There are 2 protein chains.
Amino acid sequence: MVSEQKQKLTIKQVAEAAGVARSSVSRAFTRPEMLSPETVRRVLDAAEQLGYVPNQTARALSTGRHGNVALIVPDIANPFFPPLIRAAQMEADRSNFCVFLGNSDEDPKQEDKLVGRFVGQVEGLILASSRLSDERIRAHAAQRPLVLINRDVDGIPRVLIDSGSGVREAVAHLAELGHQHIVYVAGPATSWSNKQRRFAARKSAERLGLKVDIVAAIVPSYDAGREAVAAITATGATAAIAFDDLTAQGILAGLADRNISVPGQFGVVGCDDVLGAATYPSLTTVSNRSVEAGKAALSLLLELLQSQSPRDIRYVLDTHLVVRNTTVGHKE
Amino acid sequence: MVSEQKQKLTIKQVAEAAGVARSSVSRAFTRPEMLSPETVRRVLDAAEQLGYVPNQTARALSTGRHGNVALIVPDIANPFFPPLIRAAQMEADRSNFCVFLGNSDEDPKQEDKLVGRFVGQVEGLILASSRLSDERIRAHAAQRPLVLINRDVDGIPRVLIDSGSGVREAVAHLAELGHQHIVYVAGPATSWSNKQRRFAARKSAERLGLKVDIVAAIVPSYDAGREAVAAITATGATAAIAFDDLTAQGILAGLADRNISVPGQFGVVGCDDVLGAATYPSLTTVSNRSVEAGKAALSLLLELLQSQSPRDIRYVLDTHLVVRNTTVGHKE
DNA sequence: CTAAAGCCTGCAACCGGTTGCATGTCAATG
DNA sequence: CATTGACATGCAACCGGTTGCAGGCTTTAG
């Protein structure tokens, strides 16, 4: 029976109950092979009986291992992240790690502040789509093992979702459909993914002889996409590739406001495939590997914690175009 | 200049640099009013110059305050939770608290395990839509301040989103439209919200003289909703109220598969308003107060940590029906 | 001018574990 | 039978702060 004590259970009471030294109790938990099986059993029994559970904080203080990691994302509410967070969290769980979650709100200052708050209590951190400067990232990485997701900084272990491949497929797809002038609706300037997508769009459009314009949406959101439509139509393009699905969804709404039919008069492609087929028309988009990315980043971090090998790791996941109904007509 | 030292900075070095005792350094940070302004400045300068930052773990060990709270949800990827998590996290942030995030995966065992893992490192916990038994919740609440979201256990501080009010409005709305037989598509059996919604649906349907059937979807998800459609149509009802928007969205898909038009032949109402107007037709649903709930729960918890007053708090947020196009025709 | 009252600051114990080293026991070995 | 070594356990220092208490110095009151 676990008695409802006032939380006063320390290693000392267990030691007394089992008739051994405090150190033996400690070892019974952490290195039982050092003790005789008989002693281990006696200690464990006493602990069980008292309802003792080792104090994680005290342990962390003397060993330096907290069993915690931190994960910082720009916006939890952006549907790209929850599956990633979930995957990371479950992976951490398998190794009995706890994860701190931070929301930087797309703000480098806030992100910096969060890192500072977390760093003293974790063994390592993961920054997803970090908005920090390379310099700050390097500074933090010097303090603690650090893994990046969707951010490419030399020498820092990173997991990258290569949306370039999917975007190239998207451009080719649009070209095949006869579009000759497209627009890329950009996301946050500090976003690595955005740079990558913009570059891929421009590059492959040029190669295929398409004209391409860039329109900025700054913050990736439904509203930003909706507002960007004025600028988009002003370019005279006949199709848009948006930084992400949320933006694309906003664009769809903006086009509907103007009675421009999709895909008839205008084609739209998203990125990240976070909406499933839930939009109307269902969104053609670039597939997402966020679950794998979250899982990979976490296990990479744990691996780094084990072997202090500071190898330069760059793990890339490629993507593909998922064709739905915002580029090609349905039911025709 | 912050030198790139090996993390060896302790209170001791600062004490030496400033020419004071360790205790004075400690006080300079925690209770400057106890020291002469001159000393405080000297210590802070030295600390600044060395790049010293107090060790949170050591501090937690002696004070018992970790500055951490834990938040456990059944499924991060369920769009109901991210805004709630985000709100909670930002509220914690305002008080310099760090938040551990746990994903119970809808599994009581897992939830229990997570609580156990977190409890040693946090000052308090928040369980959102807990799947634990009342008994377990009480046991945990006895150890640490604990706030529930969408779970009503006597004596445990709780924040409840009263979807009952919105569901009643939904039933009235359907009755007004002429529906005489509706079905409630249920969610997880252990979910308080589910019980509440089912009860409200049944009760107000009876009062208005509608026939009501219950169909189970068990796990709230798109797929579950889609699969439930067979059972739904089998009842002969002409409208459904789903446990949540995800389920409702699945139902829309299932109905489309069967070429049943919405809202013409069948009416659908969701709950939680997590999809905005993104479905097609846009979903009539019950509004959600998850952001407020997250924020309220966190600040309630922090408040409890301050004043050890074990009052019985029950904070209720009411909801309303948001009428869109899955119940009444659009463009007519 | 002396005593009482503050105000600062340092000492040392403490939070609850972990771990290097020393000690003691017992069996294997020469 | 004495020596060596393996093994099990205890001692005490340490992780990096916090805090009750006491002492020294200055200020205020008598």
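Numbered from 1 within each chain, the chains take letters A, B, ... in sequence-line order. Note that this is a predicted model, so its numbers are computed, not measured. Hydrogens, waters and symmetry mates play no part in the numbers below; they use all other heavy atoms, side chains included.
Between B:Asp105 and A:Arg86, at least one side-chain nitrogen of the basic residue sits less than 4.0 Å from a carboxylate oxygen of the acidic one, meeting the salt-bridge criterion. A salt bridge links B:Arg94 with B:Glu91: the closest approach of a Lys/Arg side-chain nitrogen to an acidic carboxylate oxygen falls below 4.0 angstrom. Salt-bridge annotation for A:Asp107 and A:Lys113: absent, with no side-chain N of the basic residue lying under 4.0 Å from a carboxylate O of the acidic one. Between B:Asp112 and B:Arg131 no salt bridge is recorded (no basic side-chain N to carboxylate O distance below 4.0 Å).
In this entry the distance linking CZ of B:Arg31 with C1' of D:dG17 reads 13 Å, nearest Å. The CZ atom of A:Phe29 sits 15 Å away from the P atom of C:dG16 (whole-angstrom rounding). Straight-line distance from the CD1 atom of B:Ile11 to the C1' atom of D:dT19: 12 Å, rounded to whole Å. Rounded to an integer number of Å, the gap from CD of A:Gln121 to C1' of D:dG16 is 14 Å. A straight line from NZ of B:Lys12 to P of D:dC14 spans 9 Å, rounded to a whole angstrom. Here the C1' atom of nucleotide D:dG16 and the NE2 atom of A:His66 are 11 Å apart, to the nearest Å. D:dG16 atom P lies 18 Å from atom CZ of A:Arg59, rounded to whole Å.
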Please write out the pairs of protein N or O atoms and N or O atoms of nucleotides 5-9 of chain C separated by less than 3.5 Å, giving the distance to one decimal.
from	atom 1	to	atom 2	distance (Å)
C:dT9	OP1	B:Ser36	OG	3.3
C:dT9	OP1	B:Thr39	OG1	2.4
C:dT9	OP2	B:Ser36	N	2.9
C:dT9	OP2	B:Thr39	OG1	3.1

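Between the base of C:dG16 and the side chain of A:Arg22 there is no donor-acceptor pair shorter than 3.5 Å.
Closest to the B:Leu61 side chain, of the nucleotides C:dG17, D:dT18, C:dG16, is C:dG16.
At the heavy-atom level, A:Arg65 lies nowhere under 4.0 Å from the strands shown. Within the nucleic acid shown, B:Thr63 comes within 4.0 Å of sugar-phosphate atoms alone, with no base atom in reach, counting heavy atoms only. Among the atoms of the strands shown, none is found under 4.0 Å from any heavy atom of B:Thr57.
None of B:Asn55, B:Asn68, B:Thr57 except one satisfies the side chain to side chain donor-acceptor pair (under 3.5 Å) rule with A:Gln121; the exception is B:Asn68.
Between C:dT18 and A:Ser26, a contact under 4.0 Å exists linking OP1 or OP2 to a side-chain N or O.
More than 12 non-hydrogen atoms from other residues, nucleotides or ligands lie less than 6.0 angstrom from CD of A:Glu38. Annotation: B:Tyr315, atom OH; neighbour count of heavy atoms from other residues, nucleotides and ligands within 6.0 Å does not exceed 12.
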